[in-house]
Asks: 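Pasting a structure below so you can have a look.
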Amino acid sequence: MKTIGETAGIVPKARTEYNDADRKAIEKKFRAKKILVCGIGPDEYNRISACQSSKEIWKALQTAHEGKTQVKQLKIDMLTTEYELLKMKDDESIQDMHTRFTSIINELHSLG
């Protein structure tokens, strides 16, 4: 971006006006976006395909996976209830119950 005059405001630079710092900043932004896009599956790609920057992609993925504060709290409450009511089923092995238990604990841990 560059400033034109005192009252005109800020406008994007032409590519011919880029200096080394501008090129490095653009390269970093491109790498961040590439890492995020390459690390997701096709379902998530559909969610972020309209995003222009890595920051927009990150926010979209964060909202999709963690949800807003209210959704996050509801997930925590639901998992806490599931933890409190955890019992071994009649046809369940100890390993299966341990897997369910670990899954609940890991989800709670990931939600903070």
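Just so you know, these numbers use all the heavy atoms, side chains as well, and skip hydrogens, waters and symmetry mates. We count residues from 1, following the sequence as given.
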Asks: Please answer whether the main-chain N or O of Ala60 pairs with a side-chain N or O of Arg47 as donor and acceptor at a distance below 3.5 Å.
Replies: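 Here the side-chain-to-backbone pair does not exist.
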Asks: If we ignore angles and hydrogens, is there a donor and acceptor under 3.5 Å between the side chains of Asp96 and Ser93?
Replies: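 Ser93 and Asp96 do have a side-chain donor-acceptor pair below 3.5 Å.
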Asks: Once you round to the nearest 0.5 Å, how far does CG of Leu74 lie from CG of Leu79?
Replies: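 Reported to 0.5 Å precision, the distance equals 11.0 Å.
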Asks: If you look at every heavy atom in Cys51 and Ile57, which pair is closest and at what distance?
Replies: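 Taking Cys51 first and Ile57 second, the nearest heavy atoms are CB-CG1, 3.6 Å.
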Asks: For Phe30, does the CZ atom sit with more than 12 other heavy atoms under 6.0 Å from it, leaving out its own atoms?
Replies: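 Atom CZ in Phe30 is not packed in, count stays at 12 or less.
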Asks: By salt bridge (Lys or Arg N to Asp or Glu O under 4.0 Å), which residues pair with Glu84, not counting sequence neighbours?
Replies: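 Listed in chain order: nothing, the list is empty.
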Asks: What's the spacing between Thr80 OG1 and Gln73 CD if we round to 0.5 Å?
Replies: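 Going from OG1 on Thr80 over to CD on Gln73, the span is 8.0 Å.
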Asks: Ile105, Ile76: one ILVMFWY side-chain cluster at the under-4.5 Å cut-off?
Replies: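 As far as the 4.5 Å side-chain criterion goes, Ile76 and Ile105 are connected within one cluster.
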Asks: What verdict does the side chain to side chain contact (heavy atoms under 4.5 Å, CB included) test give for Glu44 and Leu61, after you've listed the backbone C-alpha separation in whole Å, the side-chain angles of each residue and the deciding distance to 0.1 Å?
Replies: CA-CA 8 Å; Glu44 276 112 10; Leu61 291 172; 4.0 Å; yes
Asks: Would you kindly confirm whether Met97 and Tyr83 end up in one hydrophobic cluster when ILVMFWY residues are joined by side chain heavy atoms under 4.5 Å apart?
Replies: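 Shared cluster, yes.
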Asks: Salt-bridged, Glu92 to Arg100, with N to O below 4.0 Å?
Replies: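 Counted as a salt bridge, because a side-chain N and a carboxylate O are separated by less than 4.0 Å.
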Asks: Is Leu36 linked to Ile40 within one hydrophobic cluster, defined over Ile, Leu, Val, Met, Phe, Trp and Tyr using a side-chain heavy-atom separation of less than 4.5 Å?
Replies: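 Both belong to a single hydrophobic cluster.
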Asks: Within this structure, what is the CG-CD distance for the pair Asp77 and Glu82, rounded to the nearest 0.5 Å?
Replies: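 Spacing of CG (Asp77) from CD (Glu82) equals 12.5 Å.
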Asks: Could you tell me which non-hydrogen atom of Gln52 sits nearest to which non-hydrogen atom of Glu56, and how far apart they are?
Replies: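 Minimum heavy-atom separation between Gln52 and Glu56: N-OE1, 2.9 Å.
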Asks: If you measure from CD1 on Ile104 to CG on Leu85, what distance do you get to the nearest 0.5 Å?
Replies: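 Spacing of CD1 (Ile104) from CG (Leu85) equals 9.5 Å.
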Asks: Report yes if some heavy atom in the side chain of Ile94 is under 4.5 Å from a heavy atom in the side chain of Met88; otherwise report no.
Replies: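 Ile94 vs Met88: side chains touch.
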Asks: To the nearest 0.5 angstrom, please state how far the CG atom of Asp22 sits from the CZ atom of Arg15.
Replies: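 Rounded to the nearest 0.5 Å, the CG-CZ separation comes out at 12.0 Å.
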Asks: Can you tell me how far the OG atom of Ser53 sits from the NZ atom of Lys59, to the nearest 0.5 Å?
Replies: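 Spacing of OG (Ser53) from NZ (Lys59) equals 10.5 Å.
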Asks: For the hydrophobic clusters of this structure (ILVMFWY residues joined by side-chain heavy atoms under 4.5 Å, transitively), does one cluster hold both Leu86 and Leu108?
Replies: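 Yes, same cluster.
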Asks: Can you pull out every side chain to side chain donor-acceptor pair (under 3.5 Å) where at least one residue sits in residues 26-36? Sequence neighbours excluded, please.
Replies: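 Listed by first then second residue: Glu27-Arg31.
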Asks: Would you say Trp58 and Lys55 make side-chain contact, with heavy atoms under 4.5 Å?
Replies: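 A side-chain contact is absent here, since even the closest heavy-atom pair is not under 4.5 Å.
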